[in-house]
Number of protein chains: 2
Amino acid sequence: MDKEKLNYYKSLGIKLTPQRLAILEFLEGNKEHPSAEDIYKAIKIRFPSMSFATVYNTLEVLLSKGIVKEILIDGSKRRFDPDVSPHHHFICKKCGKIIDVKCKYDIYLPEELKDCEIEDYQLVFYGYCKDCKKSRT
Amino acid sequence: MDKEKLNYYKSLGIKLTPQRLAILEFLEGNKEHPSAEDIYKAIKIRFPSMSFATVYNTLEVLLSKGIVKEILIDGSKRRFDPDVSPHHHFICKKCGKIIDVKCKYDIYLPEELKDCEIEDYQLVFYGYCKDCKKSRT
DNA sequence: ATTATATTTAGACTTACCATAAGTACGGGA
DNA sequence: TCCCGTACTTATGGTAAGTCTAAATATAAT
């Protein structure tokens, strides 16, 4: 990881432990929208002593700092996305694969929410991916 | 519940037990986007013998018949919506309240998903509702 | 005879707890 | 200025517990 990024993380007041660096490196540029378990399994290879709690703790920190984003799309588990730029997602109902959607849509503030403070919005497409579409009965 | 609806449910091949009727009545016109627990608690008053599993079983049946829809919006639990007409949602990050958004947006099929079979899409707004907006520090 | 219910059990995912360990900031000495 | 110990703060690891959901099975209802 380059020095600039390191300093950026430090400037946010994050204590950079080897485990956290490993998690950050794993997430950097990752397009798989991993779950906590995905992260845990991947890091465990290099850090056999890694604990599941550490993964969750670190994710909580990264979420609070806006370094990663949680995507509410998979009912069965939390998914995380290191790409915090505005974009949308598709999830396959069969295999759970998530695909980024970079389209821009013209989403105006709905009348029903005029008294609310909107921080973000996400568009989610549900269906079947290229591979699962074929193999469906 | 009126007879027309009853016959409609019957025509779908759903066996209408007292518990299921209670769940259907509770859901009918319900704008609270209840969780399984909300439903369980509400029905338990009239059916003390009601089981949690029955709630899940019934919801599973109603989902498969398209009578209710699951909304993936609350990371901590499943939420259900008896309004299956196309619409969107807002969720308050603080109190968890969900508000319906009936606006129509022009959502075209994104290039990234041209090989996928899209069944549905949902737009979700995140932020703070009228009440929680004030009380934030 | 088929299907739903109630109850219990089990599983997956996540959070809480606490003693131990490690990172960071600071200040004195080279 | 740079290096290095010291003290303070925070993170880790392991486990235990909590929550939500799904499975299994015997009983009851249709």
Side-chain angles (χ1 to χ4, degrees), chain A residues 1 3 5-26 33-65 67-68 70-80 91 93 96, chain B residues 6-7 9-26 33-65 67-68 70-80 96:
Chain A
M1 192 174 304
K3 218 152 195 171
K5 264 202 178 303
L6 270 174
N7 286 329
Y8 169 66
Y9 293 139
K10 270 191 193 167
S11 74
L12 293 173
I14 301 176
K15 201 175 273 189
L16 292 176
T17 65
Q19 292 88 340
R20 290 188 169 180
L21 284 173
I23 292 175
L24 283 166
E25 275 179 22
F26 174 74
H33 312 81
S35 65
E37 194 186 5
D38 295 333
I39 297 169
Y40 174 69
K41 278 185 183 164
I43 312 274
K44 183 105 181 159
I45 299 166
R46 288 201 292 145
F47 288 83
S49 73
M50 163 72 72
S51 159
F52 229 117
T54 300
V55 176
Y56 277 106
N57 286 339
T58 302
L59 283 171
E60 222 49 58
V61 171
L62 300 183
L63 283 172
S64 71
K65 301 293 182 182
I67 295 169
V68 304
E70 181 177 0
I71 42 182
L72 295 169
I73 189 173
D74 184 341
S76 65
K77 63 187 82 160
R78 298 171 78 184
R79 299 282 213 117
F80 301 90
I91 184 166
K93 285 185 180 185
Chain B
L6 269 173
N7 286 329
Y9 293 140
K10 271 190 194 166
S11 75
L12 292 172
I14 299 178
K15 198 173 276 185
L16 292 175
T17 65
Q19 292 88 339
R20 290 189 169 181
L21 281 173
I23 293 175
L24 283 166
E25 277 179 20
F26 175 74
H33 311 83
S35 65
E37 194 188 2
D38 295 333
I39 298 169
Y40 175 68
K41 279 185 181 166
I43 313 271
K44 183 104 181 160
I45 298 168
R46 288 201 292 146
F47 288 82
S49 73
M50 161 72 70
S51 156
F52 224 130
T54 300
V55 175
Y56 276 106
N57 286 341
T58 302
L59 282 171
E60 224 48 59
V61 172
L62 300 184
L63 283 172
S64 73
K65 301 292 184 183
I67 295 169
V68 303
E70 180 178 358
I71 42 181
L72 295 168
I73 188 172
D74 183 342
S76 63
K77 65 186 79 162
R78 297 170 78 184
R79 300 280 212 120
F80 301 91

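Nothing here was measured: the structure is a model prediction, and the numbers come from that model. Just so we're on the same page: letters track the sequence lines, and every chain starts at 1.
Shown here for A:A22 and A:I43, the closest heavy-atom pair between the two residues is O-CD1, 3.3 Å.
The residue A:S35 sits apart from the nucleic acid: no heavy atom pair falls under 4.0 Å.
If you take CG of A:L59 and P of C:dC13, they are 15 Å apart, rounded to a whole angstrom. Whole-Å rounding puts the A:E70 CD to C:dT14 C1' distance at 11 Å. Atom CG in A:L12 sits about 19 Å away from atom P in C:dG23, given to the nearest Å. We find that CD1 of A:I14 is positioned 11 Å from P of C:dT24, with the value rounded to whole Å. Summarising the geometry, the separation between CD on A:E37 and P on C:dT14 is reported as 9 Å, rounded to the nearest angstrom. For the pair A:I39 CD1 and C:dT14 P, the interatomic distance rounds to 10 Å; values are reported in whole Å. A straight line from CG of B:L63 to C1' of D:dA22 spans 14 Å, rounded to a whole angstrom. Separating the CD1 atom of B:I43 from the C1' atom of C:dT5 is a distance of 14 Å, rounded to the nearest angstrom.
Contact annotation: A:R78 side-chain N/O to C:dT15 OP1/OP2 distance is under 4.0 Å. For C:dT14, one of the phosphate oxygens OP1 or OP2 lies less than 4.0 angstrom from a side-chain nitrogen or oxygen of A:Y56.
Considering only residues two or more places apart in sequence or on other chains, A:Y8 meets the side chain to side chain contact (heavy atoms under 4.5 Å, CB included) condition with A:S11, A:L12.
The list of salt bridge (charged side-chain N to carboxylate O under 4.0 Å, His left out) pairs with a residue in residues 10-21 of chain B, not counting sequence neighbours, is empty.
Side-chain contact between A:L72 and B:D74: absent, with no pair of heavy atoms (C-beta onward) separated by less than 4.5 Å. Side-chain contact between A:T17 and A:T58 is absent, with no heavy-atom pair separated by less than 4.5 Å.
The residues A:K93 and B:E70 are annotated as not salt-bridged, no charged nitrogen and carboxylate oxygen being separated by less than 4.0 angstrom.
If you check the side chains of A:D38 and A:S35, you find a donor sitting under 3.5 Å from an acceptor.
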Could you run down the sub-3.5 Å N/O contacts of the protein with nucleotides 12-16 of chain D?
| unit_1 | atom_1 | unit_2 | atom_2 | d |
| --- | --- | --- | --- | --- |
| D:dT12 | OP1 | A:T17 | OG1 | 2.7 |
| D:dT12 | O3' | A:Q19 | NE2 | 3.1 |
| D:dG13 | OP1 | A:Q19 | NE2 | 2.7 |
| D:dG13 | OP1 | A:S49 | OG | 3.1 |
| D:dG13 | OP2 | A:S51 | N | 3.3 |
| D:dG13 | OP2 | A:T54 | OG1 | 2.9 |
| D:dG13 | O5' | A:S49 | O | 3.1 |
| D:dG14 | OP2 | A:S49 | O | 3.2 |
| D:dG14 | N7 | A:S51 | OG | 3.3 |

